[in-house]
Every structure is written in C-alpha cells, then in structure tokens.
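Report on one structure; see the data block that follows.
Values in this document were obtained by computation on a predicted structure and should not be read as measured data.
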Amino acid sequence: MLNLLNDAVYLYTILLVIYALLSWFPGGYQSAFGKFLSRICEPYLSLFDRLNLRFGPIDLTIMVAVIVLNLASQGLTMIIVSLL
C-alpha cells in the first residue's frame, strides 16, 4: 500500500514538472497533451494560487506544490508506519 502511495506521488510529481516545462513551448498548453495535463494538474495547483508565489517572471507555485505534495506523502507514510 505504501509503495502504491509513493508511486502515485512520484508520477504526479513528474506530471507537474512536465506541466511546468510546457510553459517553455508556444502553444504547449493548447495541445491535446497540454489540455490533458491542465485537467489533471490545475485543480491541485489552484490551491496555491492564493499564496502569490510569482516574483517577476518567475513563478514558484509548481515548486512549492511539489514540495508540499512530497512532504504530505512522507508524513502520511510515517503515520501509516507508526500505526502498523
């Protein structure tokens, strides 16, 4: 069960990084793959929009989202291990 959780978090982290890299390509978000990633990634990323993590042209939202996701996964793993 823990391996499944860790694998899912790893896969979602990869998808978030790919979503961030699409911003480097003109029309990347308008492609079929970009629209698919938008549907998967934007609901989670919208949780961090209120934090205003943009500093000039640099947007740190995805980096913070990845860090929070991995910390939550590690915390949940520690809780599950301590209960077993």
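The backbone N or O of L69 sits nowhere less than 3.5 Å from a side-chain atom of S73 that would complete a donor-acceptor pair. Judged by distance alone, with hydrogens and angles left aside, the side-chain atoms of Y12 form a donor-acceptor pair with the main-chain N or O of I40 at under 3.5 Å.
The two atoms that bring K35 and Q30 nearest to each other are CE-O, 3.3 Å, heavy atoms only. Across P43 and S38, no two heavy atoms sit closer than the pair CD-O, 3.9 Å. Between L45 and A65, the shortest heavy-atom distance links the atoms CD2-CB, 3.6 Å.
In this structure, Y29 and Y19 have tilted ring planes: the angle between them lies in the 30° to 60° band.
For the pair L51/L60, no side-chain contact is recorded, criterion being any heavy-atom separation below 4.5 Å from C-beta on. Using a 4.5 Å cut-off on side-chain heavy atoms (C-beta onward), L11 and D7 make no contact. Side-chain contact between F48 and I62 is absent, with no heavy atoms from C-beta onward closer than 4.5 Å.
In the hydrophobic cluster analysis, where Ile, Leu, Val, Met, Phe, Trp and Tyr join through side-chain heavy atoms closer than 4.5 angstrom, L5 is grouped together with L84. Criterion: ILVMFWY side-chain heavy atoms under 4.5 Å apart, direct or through other members. Under it, V81 and I79 are not part of a common hydrophobic cluster. Follow the hydrophobic side-chain contacts under 4.5 Å out from M63 and you reach F55 in the same cluster. Put simply, M78 and L4 are part of two different groups of oily side chains (I, L, V, M, F, W, Y) that touch within less than 4.5 Å, one to the next. Criterion: ILVMFWY side-chain heavy atoms under 4.5 Å apart, direct or through other members. Under it, L71 and L76 are part of a common hydrophobic cluster.
Taking CG of N70 as the start and OG1 of T13 as the end, the distance is 4.5 Å to the nearest 0.5 Å. To the nearest 0.5 angstrom, I18 atom CD1 is 6.5 Å from L37 atom CG.
T61 pairs by the side-chain hydrogen bond (donor to acceptor under 3.5 Å, both in side chains) definition with D59, not counting sequence neighbours.
Clustering of Ile, Leu, Val, Met, Phe, Trp and Tyr side chains at separations under 4.5 Å places V17 together with L21, W24, F25.
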